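Residue numbers start from 1 in every chain, and the chains themselves are labelled A, B, ... in the order their sequence lines are given, proteins ahead of strands. Computed from a prediction, not measured in an experiment: that's the story for all the values here.
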Amino acid sequence: MGRACGWTHNLCATMYPSRSHEDSKMIEVRTRFAPSPTGYLHIGGVRTALFNWLFARHHGGRFILRIDDTDRRRNVQEALAPILHGFRWLGLDWDEGPEVEGPAGPYFQSAKLERYNRAVQQLLAAGLAYRDFATPDELQMERDAARARGERFVYSRRWLAGDEDAAARLAAEGRAGVVRLNMPRTGECRFTDLVRGPMVVEWAGEQDHVIQRADGTCLYHLASTVDDHDMRISHVIRAEEHLSNTPRQIFIAQGLGYDLPHYAHLPAVAEPGSRTKLSKRKLQKYLKNPEFARLNHRGQVIAGAMGLATTDETFNPVIVDFYERTGFLPDALVNYLLLLGWALDDHTEFFSREQMVASFSLERVNKAPASFDPVKLMAFQSHYMQSLSVSQRADLAAPFLEGAGLLAKNPTSADKTRLEQVVAAAGERLVVAGDILDYREFFVPDDDLAYDAKAFDKRLRNAPGAVDRLARFAAGLPGAREWDASALEKFLKEFVAVEEIKIGSIIHALRVALTGKGVGFGLYDAMVILGKESCLARVERAMDEARREMP
RNA sequence: GUCCCCAUCGUCUAGUCUGGCCUAGGACACCGCCCUUUCAAGGCGGCAACACGGGUUCAAAUCCCGUUGGGGACACCA
C-alpha cells in the first residue's frame, strides 16, 4: 500500500474547457449520467444529466446513459421505462446506453458482475484491498468509540485476514467476509475539480470502504470506477455529494492502473427557499412552501381531471413526470434548469438548445447550491408558452380536454375552432397546457354548467335586481344582429345607457350566468365563443336557478 | 463530533481569478399608481444584497486571516 501514499493527480490548467479547445479535439469527450432504476426521474438528477449532455454536445463528444442497478435487480425494465421516457421528453438524447447500446457496453451494471469481480481480485492481488471479517456491530463499536473521543474513525483492521488460513479461521467463527480497500493512512490525495479548483484531501481521513459484499456482489464505488474506465468517460460531472467520494474512487482507479477522468462537481439543487439539497423524501416539508404547494396543487387538479391515479409519492414537482403530465414545455423546464447553477453573463435568460450547447462551459458553473424556485419556473414556462401560436397551444391543450372527457378523440372542425377561440381569448392565462381545464365551461353542454357558489350568490342570488336586469337584457338579446365582440360591447353599453345603470351591475351577473364563474377572460369574447343560442339558454337556466332558491 | 465544500437583493444570478469603470447590473417575485367588466396582461414608478471582524493597499464585493452561518460526506445505499 505504500505505493498509494502521497499519490498525486495534477491536471494542468489548460484542461479547462474554454481554454482547451485543441485538447478536446484530441481526447474524445465522453460524459455519462448513471441513474438507478427507481421508476422516476428526479429534478435534481435531470439538472446533472443536462449539464453532462451539454458538455458532451458542446465538445462534439458523446453522452452515455448507464444504469446503476447493482442493488436492485427486480423489475429493472419496468422501472427504467419512465426514466428513458423522461429523457426523451426533455430531448436529452443519449449516444450509448439502454436501447441504443454502443461499443462500451453492457450499460447495465447488473450485467457486469464478473467484470467487477475481476477488478476486486486485481486489487486484492496488488495488496490494495483485503479480506475482512468484522461484523457490522464490531465496526459500529469502533466508530462510536472514535466519535466519543472526538476523533475521526480509523478501522483497527483487527479482523483483516492476511492469508487463506486466517480467512478460513475467521470464517469458521461464522463470520462473513467482505473485501475492503486498503487505504493509505499517510499523505494526501490531490486532484483538480473543474468547478472547484485544486483539492487536497488527507488519505488518513478515508475509510477502508467495502467494495465487495460477502455474497460476491460489488458496491457502487468499485462498479462506478470500473464502468467509467470501461466506457472511457473523460469527464465525470456529478452532484456535489460525490465530491468526498472522489479520493476513494481515485484510489481504486489508480490501483487498477486506469487513467483518471476529469472531475467536476456541480452544486446541489436545493429546496425552495433553502440551501438544503432537494430530496424526494421531504415532500411534506416542501408543501409548506406556498409557491411549491401552489404548483403541486395545480398539477394535482389537472391530474385529477384527467383521471390519473396519483399519490404524493408518485406525482409531485420533484419528479419530472409531473411536468409532462401537467402540460409544461420541455424547453421551458430545461431552460430553467440550465440557469440553476450556471449563467452565461449578466443578462441572457433564454436559450435555444443550440445556444445553450454553444455557450455552455463548466467554467461558468457556480459553487453554491441553487434553490429550486417554482415561481421562476412558471415564469419561464409562461414565456415559452406565449412564444407559440394559438394553434400550437391548442394542439397542446387538446389532449387534456380529451382526457377529461370534454373533447372527442377526433374533434370536429367546429370543436377545433372553439378550442382555438378559447386559447386565443385565454391568452397569457394559459400557462401550462393543462390550464385549459380552467375553461371547461366552454366545452360542457349548457345544462351541465357548474356554478361557483360564492360568485353565484354574490352576483345573482343576493344581488338586488340582478335577475330582473338579466331578464330584460336577455329579452333584447335575440335582436342582436351582429355577434362579434365589438358589436356585443356596443349592445351591452346601449342596454346600460337605457337602463341608466352602471355596467358593473349587469356584467358580473352575466358572466356568472354564462360561465358559472366570477372571473375569466373578456366577457364579449366569452359570448362570441358560446354563441347566441347558448348564451340565451345559459341566462335562462341561471335565472331559474337564482329564483328557485330565493326567499 | 470529524473531514470537505460554500457564502452578492426574498429567489436565480453578473461582477471575484486579472483590486479602481460598482453611489453593485439583470431576471423572477413583491409593493404603489395608471388602464379596466372580473382575473390576467400592459404602462409608469418603487423597495431590496456584497454574512461579520480584522488585516494588506492610495483604493477591497474582489486579495489574506479569523469568526459566524449554510451545505455535503463520514454505510456490506447509490
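Residue R196(A) places none of its side-chain N or O atoms closer than 4.0 Å to OP1 or OP2 of G72(B). OP1 or OP2 of C77(B) lies within a sub-4.0 Å distance of a side-chain N or O belonging to R213(A). For S36(A), no side-chain nitrogen or oxygen approaches OP1 or OP2 of A78(B) to under 4.0 Å. Put simply, S371(A) has a side-chain N or O that comes within less than 4.0 Å of OP1 or OP2 on C12(B). Distances shown here put every side-chain N or O of N245(A) at or beyond 4.0 Å from the OP1 or OP2 atom of G72(B). Here R238(A) does not reach the OP1 or OP2 of A73(B): none of its side-chain N or O atoms lies under 4.0 Å away.
Taking the P atoms as reference points, A78(B) lies 43 Å from C52(B), given to the whole Å. C6(B) sits 27 Å from A24(B) when the P atoms are compared, rounded to a whole Å. For A48(B) and U13(B), the C1' atoms lie 15 Å apart once the distance is rounded to whole Å. The gap from the C1' atom of A29(B) to that of G10(B) amounts to 8 Å, rounded to the nearest Å. For the P atom pair drawn from U11(B) and C50(B), the interatomic distance equals 13 Å after rounding to whole Å. As rounded to the nearest Å, G19(B) and G15(B) have C1' atoms that lie 12 Å from one another. Of the C1' atoms belonging to A73(B) and U57(B), the separation is 39 Å, rounded to the nearest Å. Of the P atoms belonging to A7(B) and C63(B), the separation is 10 Å, rounded to the nearest Å.
The separation between N335(A) atom CG and C12(B) atom P is 17 Å, rounded to whole Å. Atom pair L243(A):CG and A73(B):P shows a separation of 11 Å (rounding to whole Å applied). The interatomic distance linking H221(A) (NE2) with C76(B) (C1') rounds to 12 Å, in whole Å. M199(A) has its CE atom 11 Å from the C1' atom of C6(B), to the nearest Å. In this structure, CD1 of I507(A) is placed 8 Å from P of U38(B), rounded to the nearest angstrom. Between the CZ atom of F521(A) and the P atom of U38(B) there is a distance of 16 Å, given to the nearest Å. Atom CG in D215(A) sits roughly 14 Å away from atom P in C76(B) (whole-Å rounding). Taking atom CZ of residue F380(A) and atom C1' of nucleotide U13(B), one finds them 11 Å apart after rounding to whole Å.
The residues E313(A) and R281(A) are annotated as not salt-bridged, no charged nitrogen and carboxylate oxygen being separated by less than 4.0 angstrom. A salt bridge links E489(A) with K493(A): the closest approach of a Lys/Arg side-chain nitrogen to an acidic carboxylate oxygen falls below 4.0 angstrom. We find that E499(A) and R472(A) are joined by a salt bridge, their nearest charged nitrogen and carboxylate oxygen being less than 4.0 Å apart. Under 4.0 Å is where a charged nitrogen must lie from a carboxylate oxygen, and between E138(A) and R175(A) at least one such pair does. Salt bridge annotation for D230(A)-K112(A): present, with a cationic side-chain nitrogen under 4.0 angstrom from a carboxylate oxygen. Under a 4.0 Å N-O distance rule, the pair K517(A)/D452(A) does not qualify as a salt bridge. We find that D438(A) and R429(A) are not joined by a salt bridge, their nearest charged nitrogen and carboxylate oxygen being 4.0 Å or further apart.
Backbone-only contact: L219(A) has heavy atoms under 4.0 Å from sugar-phosphate atoms and none from a base. Within the 4.0 angstrom heavy-atom criterion, base atoms lie near A134(A). Note on V210(A): only backbone sugar-phosphate atoms sit closer than 4.0 angstrom, heavy atoms only; bases stay farther off. G520(A) comes within 4.0 angstrom of a base, heavy atoms only. Residue H242(A) is in base contact, counting any heavy-atom pair closer than 4.0 Å across all strands shown. In this structure, G341(A) reaches the sugar-phosphate backbone alone: every heavy-atom distance under 4.0 Å involves primed, P, OP1 or OP2 atoms, never a base. Contact annotation for Y524(A): base contact, defined as any heavy-atom pair under 4.0 Å involving a base atom. If you check every strand for non-hydrogen atoms under 4.0 Å, R143(A) touches sugar and phosphate atoms only.
Of the residues near RNA chain B, Q109(A) and E349(A), the one whose nearest nucleotide (by heavy atom distance) lies more toward the 5' end is E349(A). Judged by closest nucleotide on RNA chain B, Y336(A) is the one of R459(A) and Y336(A) placed further toward the 5' end.
Not one N or O on the side chain of N117(A) forms a donor-acceptor pair closer than 3.5 Å with the backbone of L113(A).
Judged by Watson-Crick or G-U wobble contacts below 3.5 Å, the nucleotide C74(B) has G1(B) as its partner. When Watson-Crick and G-U wobble pairs are counted only if both distances are under 3.5 Å, C33(B) pairs with G43(B). Partner assigned to G53(B) is C65(B), using Watson-Crick or G-U wobble distances below 3.5 angstrom. Nucleotide C58(B) forms a Watson-Crick or G-U wobble pair with G20(B), both donor-acceptor distances falling under 3.5 Å. Summarising the base pairing, A48(B) is matched to no nucleotide, lacking a Watson-Crick or G-U wobble pair whose two defining distances lie under 3.5 Å.
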